[in-house]
Amino acid sequence: MHFTSEQRLDDGVLEREFTLGEIPGTLWTPESAAPAPLILMAHNNGLPKTEPRLVARARYTAARGYAVATIDAAGCGDRPRSAADEQARADLRRAMQAGEPVDEIFESFIGPLVEKAVPEWRTTLDALLSLPEIGGPVGYSGWTAVGIRLAAVEPRIAAAGFFAGGYVPRAQREEARQVTIPLLFLLQWDDEGNPRQRALDLFDAFGTKEKTLHANLGGHLGTPWFEREDGDRYFGRHLK
């Protein structure tokens, strides 16, 4: 892991950009002498690690005593995409503009992103846990499809917070039964791009006995600010 820049933010959080082979990432760490628990934070459907909502969540979380890391995994953010990825994105835009069904296009787009992203997240986790300022346990927050796969295959993930706003491929809906760690699931009740019943069915499918559903009125971008506070309390119960 090679750190390429760093800056101390107004809230005392140290923000550092890093590269790990071809993987670009950002790490936020709090002002603390003790090793901090770690939260991996991913945005839905391959959006960049610089997306303002993700950065705001990361800074808020780090200021409350966590190390927070995000990456642009393969095919995500500004990293190169395959010709098939670009075609799927073009097909998705065309279908959405025409009001046509998009599930199969999402399958061809999101499914490969998950397959490529999860190994890179695990590689990043290995490197992060070798840093003296980071301890454990480890949590995950954000992109549901990647989070399901990570929770199913990565025993170091102790708790997760999933956002129901992104498309979850059929393979991950099946894998949800293997998720047995504590789970907080955020749902926007009127999310125009995420059928409510599908999200409720996914929540029901998770195999954990400790799962909580937070549903709020509003569309995709309307998650209330107080969910940050509730998320902090949730991770505090399981990571501190």
Side-chain angles (χ1 to χ4, degrees), residues 1-21 23-43 49-50 53-73 117-144 146-163 178-186 206 208-212 227-240:
M1 178 173 283
H2 175 63
F3 289 102
T4 58
S5 68
E6 69 174 57
Q7 62 173 325
R8 183 70 65 178
L9 305 175
D10 291 342
D11 50 15
V13 170
L14 180 63
E15 178 183 270
R16 287 176 285 176
E17 300 294 324
F18 66 83
T19 57
L20 183 61
I23 306 169
T26 308
L27 173 64
W28 296 265
T29 48
E31 286 187 310
S32 173
L38 172 64
I39 296 178
L40 305 177
M41 197 168 284
H43 213 303
K49 65 183 180 65
T50 55
R53 287 177 296 153
L54 184 148
V55 172
R57 285 195 297 119
R59 291 184 56 174
Y60 178 92
T61 304
R64 280 145 187 83
Y66 301 91
V68 182
T70 188
I71 63 171
D72 279 341
V118 169
E120 295 202 348
W121 274 105
R122 299 186 77 182
T123 297
T124 303
L125 179 57
D126 291 339
L128 290 168
L129 289 179
S130 72
L131 299 175
E133 62 267 38
I134 296 178
V138 180
Y140 173 90
S141 175
W143 186 3
T144 299
V146 163
I148 290 172
R149 171 63 61 82
L150 265 178
V153 303
E154 179 49 75
R156 291 173 291 184
I157 304 293
F162 293 158
F163 292 1
Q178 303 174 36
V179 176
T180 58
I181 59 175
L183 174 65
L184 175 63
F185 195 55
L186 298 184
F206 288 119
T208 180
K209 295 181 179 179
E210 187 173 348
K211 52 185 175 181
T212 300
E227 289 293 356
R228 292 184 188 176
E229 296 179 346
D230 288 345
D232 179 57
R233 286 191 289 269
Y234 163 76
F235 281 115
R237 291 195 299 272
H238 299 290
L239 303 184
K240 290 185 174 180

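All residue numbers in this chain count up from 1 along the given sequence.
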Step-by-step side chain to side chain contact (heavy atoms under 4.5 Å, CB included) determination, Leu9 to Trp28:
CA-CA 10 Å; Leu9 305 175; Trp28 296 265; 4.3 Å; yes
Kindly indicate, with the supporting measurements, whether the criterion side chain to side chain contact (heavy atoms under 4.5 Å, CB included) is fulfilled by Arg8 and Glu31.
CA-CA 10 Å; Arg8 183 70 65 178; Glu31 286 187 310; 3.6 Å; yes
Given the rule in the side-chain hydrogen bond (donor to acceptor under 3.5 Å, both in side chains) test, do Thr26 and Glu17 qualify, once you have shown the distances and angles that lead to the verdict?
CA-CA 4 Å; Thr26 308; Glu17 300 294 324; 3.0 Å; yes
Under the side chain to side chain contact (heavy atoms under 4.5 Å, CB included) rule, what do Leu183 and Thr212 come out as? Steps first, then yes or no, please.
CA-CA 6 Å; Leu183 174 65; Thr212 300; over 6 Å; no
Test side chain to side chain contact (heavy atoms under 4.5 Å, CB included) applied to Asp126 and Thr124, step by step
CA-CA 5 Å; Asp126 291 339; Thr124 303; over 6 Å; no
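A salt bridge does not link Arg237 with Asp232: none of the charged nitrogens is closer than 4.0 Å to a carboxylate oxygen.
Using modelled atom types, one side-chain atom of Thr208 and one backbone atom of Glu210 make a donor-acceptor pair closer than 3.5 Å. Thr70 contributes no side-chain N or O that, together with a main-chain N or O of Lys49, makes up a donor-acceptor pair within less than 3.5 Å.
Closest approach of Leu54 to Ala42, counting heavy atoms only: CD1-C, 3.9 Å. For the pair Thr61 and Tyr66, the tightest heavy-atom approach, listed with the atom from each and the gap, is O-CD1, 3.3 Å. Here the shortest heavy-atom pairing between Ala159 and Tyr234 reads CB-OH, 3.6 Å. Pairing each heavy atom of Leu150 with each of Ile157, the nearest pair is O-CG1, 4.4 Å. Residues Pro30 and Gly65 approach most closely at CG-C, 3.8 Å, considering heavy atoms. Of all heavy-atom pairs spanning Arg57 and Gly142, the tightest one is NH2-CA, 4.4 Å.
With ring centers used as reference points, Phe206 lies under 6.0 Å from Phe162.
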Check residues 132-140 and write down every donor-acceptor pair under 3.5 Å in which the side-chain atom is one partner and the other belongs to a residue at least two apart or another chain.
unit_1	atom_1	unit_2	atom_2	d
Glu133	OE2	Arg16	NH1	3.2
Glu133	OE2	Arg16	NH2	2.7
Tyr140	OH	Trp143	N	3.4
Tyr140	OH	Trp143	O	2.6
Tyr140	OH	Gly147	N	3.4

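With sequence neighbours left out, Arg64 forms a side-chain hydrogen bond (donor to acceptor under 3.5 Å, both in side chains) with Tyr60.
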